[in-house]
Amino acid sequence: MTVLETALEVLKYTLPAVIIYLLMKQFIRLQAYQEEVKRKSSMKNETLALRLQAYERITLFCERIRIGNLIMRLRSPGMTAAELKNAMLISVQKEFEHNLTQQLYVSRQLWEMIELLKDETMATITASFLENEKANSGAYETDLYKRDQLVESQFGVKVKTAVRKEVQLYFQ
């Protein structure tokens, strides 16, 4: 047997093995790529669900800190204006703290609007109290309802509109 015949004989067995090796390597790479695409798709779906939940919670937060809703939820017979004010301020702060983690899932601009809404609500509660400190709780509540119509309905609607617009971005 000559060297050429020996080389051809070795090539006859190694060439198919090399081709099979390369094909298997390509197949394994393709499988890994497909698994990565599936994993990313799954994570994207999970993240979308978390984001939608965050938008729901933010919408609920906006409703729960509306002054009219605070009064209805927190007022009790015989409560003084100071007690009502304190209860509302505490409730707004607790609601905000309860929803702090939602900022991870919404835009920075929307979260800043949420913070402004909270601050504006607390400022309205305090300002109304300072102007009605000597009045009875009924006068304080009436003033709060009037302010709620002026302040909350304007800015609160803007925040909820911003939430809707952000949610719509995920479905376009």
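Source: prediction; values computed, not measured. The figures that follow rest on heavy atoms only: side chains count, while hydrogens, waters and symmetry mates do not.
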Enquirer: Residues in side chain to side chain contact (heavy atoms under 4.5 Å, CB included) with T101, at least two apart?
Expert: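 T101 satisfies side chain to side chain contact (heavy atoms under 4.5 Å, CB included) with no residue once adjacent residues are dropped.
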
Enquirer: Side chains of L117 and M113: closer than 4.5 Å at any heavy-atom pair?
Expert: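 L117 vs M113: side chains apart.
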
Enquirer: Can you find a heavy atom in the side chain of R66 that is under 4.5 Å from one in the side chain of L70?
Expert: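 Answer no - side chains too far apart.
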
Enquirer: Would you say the side chain of I67 lies within less than 4.5 Å of the side chain of S128, judging by non-hydrogen atoms?
Expert: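 Of all side-chain heavy-atom pairs linking I67 with S128, none is under 4.5 Å.
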
Enquirer: May I ask you to list the residues sharing a hydrophobic cluster with I20, side-chain cutoff 4.5 Å, ordered by chain and number?
Expert: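 Hydrophobic cluster check, I20: joined to M24.
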
Enquirer: State, yes or no, whether a side-chain contact exists between S137 and M79 at a heavy-atom distance under 4.5 Å.
Expert: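 Side chain of S137 against side chain of M79, heavy atoms only: no contact under 4.5 Å found.
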
Enquirer: I'd like to check the side chain to side chain contact (heavy atoms under 4.5 Å, CB included) partners of A127; sequence neighbours left out, ordered by chain and number.
Expert: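 With neighbours one apart ignored, the set is R147.
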
Enquirer: Looking at residues at least two apart in the chain, or sitting in another chain, which of them share a ring-ring contact (aromatic ring centres under 6.0 Å, His included) with Y105?
Expert: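 By the ring-ring contact (aromatic ring centres under 6.0 Å, His included) rule, Y105 matches no residue at all.
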
Enquirer: Not counting sequence neighbours, which residues clear ring-ring contact (aromatic ring centres under 6.0 Å, His included) with F61? List them please.
Expert: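 Residues passing ring-ring contact (aromatic ring centres under 6.0 Å, His included) with F61: none at all.
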
Enquirer: Once salt bridge (Lys or Arg N to Asp or Glu O under 4.0 Å) is applied, what residue pairs with a partner in residues 101-112 remain, sequence neighbours excluded?
Expert: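 Found R108-E112.
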
Enquirer: Check whether L52 and L60 end up in the same hydrophobic cluster, where Ile, Leu, Val, Met, Phe, Trp and Tyr are linked by side-chain heavy atoms less than 4.5 Å apart.
Expert: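 Result: no, two separate clusters.
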
Enquirer: Taking atom CG of L84 and atom CZ of R75, what is their separation to the nearest 0.5 Å?
Expert: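 Reported value, rounded in 0.5 Å steps: 8.0 Å.
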
Enquirer: Would you give the length of the straight line joining atom CD1 of I71 to atom OH of Y140, rounded to the nearest 0.5 angstrom?
Expert: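 If we round to the nearest 0.5 Å, I71:CD1 and Y140:OH are 7.5 Å apart.
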
Enquirer: Applying side-chain hydrogen bond (donor to acceptor under 3.5 Å, both in side chains), can you list everything that pairs with R29, at least two apart in sequence or on another chain?
Expert: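 Here no residue qualifies.
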
Enquirer: About how many Å separate CG of L104 and CZ of R51, when rounded to the nearest 0.5 Å?
Expert: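 Taking CZ in R51 and CG in L104, the distance rounds to 10.0 Å.
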
Enquirer: Do F129 and I125 have side chains that approach each other closer than 4.5 Å (heavy atoms only, starting at C-beta)?
Expert: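 No, every pair of side-chain atoms sits at 4.5 Å or beyond.
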
Enquirer: Could you work out, with side-chain hydrogen bond (donor to acceptor under 3.5 Å, both in side chains) as the rule, every residue matching E115, not counting sequence neighbours?
Expert: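 If we apply the side-chain hydrogen bond (donor to acceptor under 3.5 Å, both in side chains) test to E115, skipping adjacent residues, the hits are W111.
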
Enquirer: Show which side-chain atoms of residues 87-95 pair as donor or acceptor with protein atoms under 3.5 Å away, not counting sequence neighbours.
Expert:
residue : atom : partner : partner atom : Å
S91     : OG   : R73     : NH2          : 3.3
Q93     : NE2  : E97     : OE2          : 3.1
E95     : OE1  : R64     : NE           : 3.2
E95     : OE2  : R64     : NE           : 2.5
E95     : OE2  : R64     : NH2          : 2.9

Enquirer: Where is the tightest heavy-atom contact between I65 and T121, given as atom of each residue plus distance?
Expert: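 Scanning both residues completely, I find the closest heavy atoms to be O-CG2, 3.3 Å.
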
Enquirer: Shortest non-hydrogen contact from A139 to N132?
Expert: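 Looking at all heavy atoms of both residues, the closest pair is O-OD1, 4.3 Å.
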
Enquirer: Quick one: does F96's side chain get under 4.5 Å of I114's, heavy atoms only?
Expert: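 Counting from C-beta outward, F96 and I114 do come under 4.5 Å.
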
Enquirer: Among the clusters formed by ILVMFWY side chains lying less than 4.5 Å apart, do L110 and L169 turn up in the same one?
Expert: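 They do not share one cluster, since no chain of ILVMFWY contacts under 4.5 Å joins L110 to L169.
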
Enquirer: Under the rule for side-chain hydrogen bond (donor to acceptor under 3.5 Å, both in side chains), what residues qualify as partners of E166, not counting sequence neighbours?
Expert: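 Partners of E166 by the side-chain hydrogen bond (donor to acceptor under 3.5 Å, both in side chains) criterion, ordered by chain and then number, come out as Y55, S107.
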
Enquirer: List in chain and number order the residues that pass side chain to side chain contact (heavy atoms under 4.5 Å, CB included) with I19, two or more places apart in sequence or in another chain; answer none if no residue qualifies.
Expert: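 Scan of I19 (side chain to side chain contact (heavy atoms under 4.5 Å, CB included), adjacent residues dropped) gives L15, L23.
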
Enquirer: Report yes if some heavy atom in the side chain of Q102 is under 4.5 Å from a heavy atom in the side chain of N99; otherwise report no.
Expert: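 Contact flag for Q102/N99 side chains = yes.
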
Enquirer: Does anything in residues 76-93 pair up under salt bridge (Lys or Arg N to Asp or Glu O under 4.0 Å), and if so which pairs, sequence neighbours excluded?
Expert: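 Pairs touching residues 76-93 that pass the test: none.
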
Enquirer: CD/E141 to CG/D148 distance, rounded to the nearest 0.5 angstrom?
Expert: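 Spacing of CD (E141) from CG (D148) equals 12.5 Å.
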
